[in-house]
Amino acid sequence: MKISVDYEKCTGLGICESLAPDVFEVDDSGALVLLKESLSDEEREAVEAAVAACPTEALRLHSVVTTPSVARP
Amino acid sequence: MESLVVVGASLAGLRAVETARKDGFTGRVTLIGAEKHLPYDRPPLSKAFLDRGEDELAPPRPFYRDERFFIEDLDVDLLLGSPATALDPAAKTVYIGNRGVAYDAVVLATGSGARRLPGTELLSGVHALRTLDDAEALRDALADGGPVVVVGGGFIGSEIASSARKRGFDVTIVEATPAPLARAIGADMGAAIASLHYRNGTTLLCGTGVEAIEGGGHVERVVLTDGRTLPAAIVVAGIGSVPAVEWLDGSGLTLDNGIVCDETLWTGVEGVYAAGDVARWPNPTFGSLQRMENWTAAAEQGARAVRNALDPARAQPYATVPYYWSDWYGDRIQFVGVPDADEVAWVEGAVDDDGRWVVLYRAGERLVGALTVRAPSEIMKYRGLIQRGASWVDALEFATSRHRARA
Ligand SMILES: Cc1cc2nc3c(=O)[nH]c(=O)nc-3n(C[C@H](O)[C@H](O)[C@H](O)COP(=O)(O)OP(=O)(O)OC[C@H]3O[C@@H](n4cnc5c(N)ncnc54)[C@H](O)[C@@H]3O)c2cc1C
Ligand code: SF4
């Protein structure tokens, strides 16, 4: 799972931080900082709630698809 | 459960229909709205939406979703421009005039409407701000120039004043009470953040009411109860809002400053739940009946109410630490919790400095509220502490440690 933030949309209101304080933090300038990239199951639930609650719909959760590397001769 | 009806097509109503579908409800969903518009976001209406935009282009209308989304993705019957006129709980029917819409579960999310200045109906140039139509009318008026008189020094009135100052007009706020925002953040802090107006060139007159608003066709002046007269080309009322419940008279619901509900947002009448600005419920976090007028609670209650309505046997209470934000003159003001306090303590900043302000509210031995100005990194930490029932001593200790970490 990977979180992406659309910084064009985010207005730093911090609702995400209040739902998942271990993952999101608004900094002094009002910009959102991601504290971690990979999530435990418990955090994932909180992050899903944050994605749904963000007033500007700035957050997205992606499942990371790893493509197997192909050995070249 | 076959038919879900949601009355009020704004934030709480939107979240209700979205949540129903997300949770897999496959029955019929009807969304009834008084306004002709699709659901849109209100907070921008008193902020960026009133600006001219950099290239003189108006900012876009803040719709949440397009029509296709409601019809195709959510499979919702949209009845817009159709105010509900009655609720008949015995027949489980919502009426729009003569037309009845039957429900198994209904979420009432009719929000609130702006209080307007009485006796000004025939005068142009007198505005209130609640809807998109109101905001477009006000923005057009602002293009023609000031001076602007804002009646009411609350959050929305202050934001309008800030937008009007940004365009360079003379702006006066008339506030009837001795300090603005006393009910929202307490009288002391209301007086403290009033300093933002003085610094930014807005005149704030407190403790005086409006005697008359005069003009021939278009507004020309505002006469105050203390005898002063203010010239005005635009008058905006920011005098609060009233929950939209008139249509429920005679329905048997308990109406008292909103629709009175239990902890699960249930009205006590089978199948009928309420959410958003219109709902008044016992907030378990503070153990008192509260009616929120903020974005976060409307969104969360819309989702909670519909879940409880569709599965009453497993209904869960809705508890929250209220959160409100407001933007004045480019500064962000944030408040969490409740303002009824035995003590209000500054832990960072002071009235006469224009850096970060962090102010905490104590009731008994508990932290119950926090106000920040220009300190977006702090506010949610206090919301967490209030949520966890933190003691005053712990809150002050936390504040000291934050302070030390920054030093
Ligand atoms: C200008 C402005 C700025 C704001 N800024 C902020 C902010 O910065 N931060 C913040 O937290 N909150 C802010 N708010 C408050 C926030 O927007 C509201 O709390 C939120 O909109 C409430 O949502 P709601 O769905 O409960 O009600 P509403 O948004 O009031 O919507 C109710 C809807 O129901 C409709 N309706 C009414 N009666 C009927 C009927 N009989 N039948 C059908 N439909 C009906 C109404 O027309 C309306 O469309 C602001 C509000 C305004 C007006
Ligand atoms: S809730 Fe949304 S807008 Fe607010 S800080 Fe988080 S991502 Fe940004």
Side-chain angles (χ1 to χ4, degrees), chain A residues 1-70, chain B residues 11 14-15 18-19 22-23 41-44 47-48 62-65 69 294-304 320-327 330-337 348 355-356 358 370 372-388 402 405-406:
Chain A
M1 279 292 164
K2 199 178 164 320
I3 308 162
S4 66
V5 186
D6 183 338
Y7 288 100
E8 294 276 302
K9 289 187 180 164
C10 172
T11 53
L13 291 168
I15 292 167
C16 53
E17 175 175 340
S18 116
L19 291 166
D22 298 333
V23 182
F24 302 103
E25 185 169 20
V26 176
D27 74 8
D28 284 342
S29 68
L32 183 64
V33 180
L34 283 182
L35 302 177
K36 50 173 80 166
E37 293 253 314
S38 61
L39 304 174
S40 68
D41 282 352
E42 209 173 281
E43 284 164 351
R44 207 182 121 173
E45 217 168 275
V47 169
E48 276 169 7
V51 171
C54 169
T56 64
E57 307 192 323
L59 299 174
R60 289 245 171 323
L61 257 180
H62 312 269
S63 39
V64 184
V65 186
T66 39
T67 36
S69 50
V70 181
Chain B
L11 176 59
L14 169 71
R15 285 295 189 265
E18 281 182 332
T19 304
K22 197 154 75 186
D23 288 0
D41 203 20
R42 288 184 208 277
K47 306 180 181 73
F63 291 119
Y64 292 110
R65 308 274 185 267
F69 176 83
N294 67 62
W295 196 99
T296 313
E300 291 173 352
Q301 289 183 354
R304 187 72 265 155
T320 192
V321 176
Y323 168 44
Y324 197 90
W325 74 89
S326 190
D327 296 325
D331 287 335
R332 175 153 290 168
I333 297 163
Q334 292 166 293
F335 184 80
V336 293
E348 202 176 333
R356 295 150 47 97
V358 180
T372 62
V373 179
R374 295 174 290 254
S377 58
E378 304 308 296
I379 192 73
M380 287 304 165
K381 298 180 172 73
Y382 292 103
R383 193 178 191 214
L385 287 177
I386 297 167
Q387 182 78 57
R388 293 191 291 277
R402 290 288 296 172
R406 293 174 54 81

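On a predicted model such as this, the values are computed, not experimentally measured, just so you know.
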Counting only heavy atoms not in B:Arg65 (residues, nucleotides, ligands), do more than 12 fall under 6.0 Å from its CZ? yes

Which atom of A:Ala52 lies closest to which atom of B:Lys22, heavy atoms considered: CB-NZ, 4.2 Å

Please tabulate, one pair per line, all N/O donor-acceptor pairs under 3.5 Å involving side-chain atoms of residues 25-32 of chain A, not counting sequence neighbours.
residue, atom, partner, partner atom, Å
A:Glu25, OE2, B:Lys381, NZ, 2.8
A:Asp27, OD1, A:Ser29, N, 2.9
A:Asp27, OD1, A:Ser29, OG, 2.8
A:Asp27, OD1, A:Gly30, N, 3.1
A:Asp27, OD1, A:Ala31, N, 2.9
A:Asp28, OD1, B:Arg356, NH1, 2.9
A:Asp28, OD1, B:Ser377, OG, 2.8
A:Asp28, OD1, B:Arg406, NH1, 3.0
A:Asp28, OD2, B:Arg406, NH1, 2.6

Starting at [atom1] of [X], measure out to [atom2] of [Y] and round the result to the nearest 0.5 Å.
X	Y	atom1	atom2	result
A:Leu13	B:Gln334	CG	CD	7.0 Å
A:Thr11	B:Lys47	OG1	NZ	9.5 Å
B:Arg383	A:Leu19	CZ	CG	7.0 Å

Which bit of A:Pro55 is near chain B, if near means a heavy-atom gap under 4.5 Å: side chain, backbone, both or neither? both

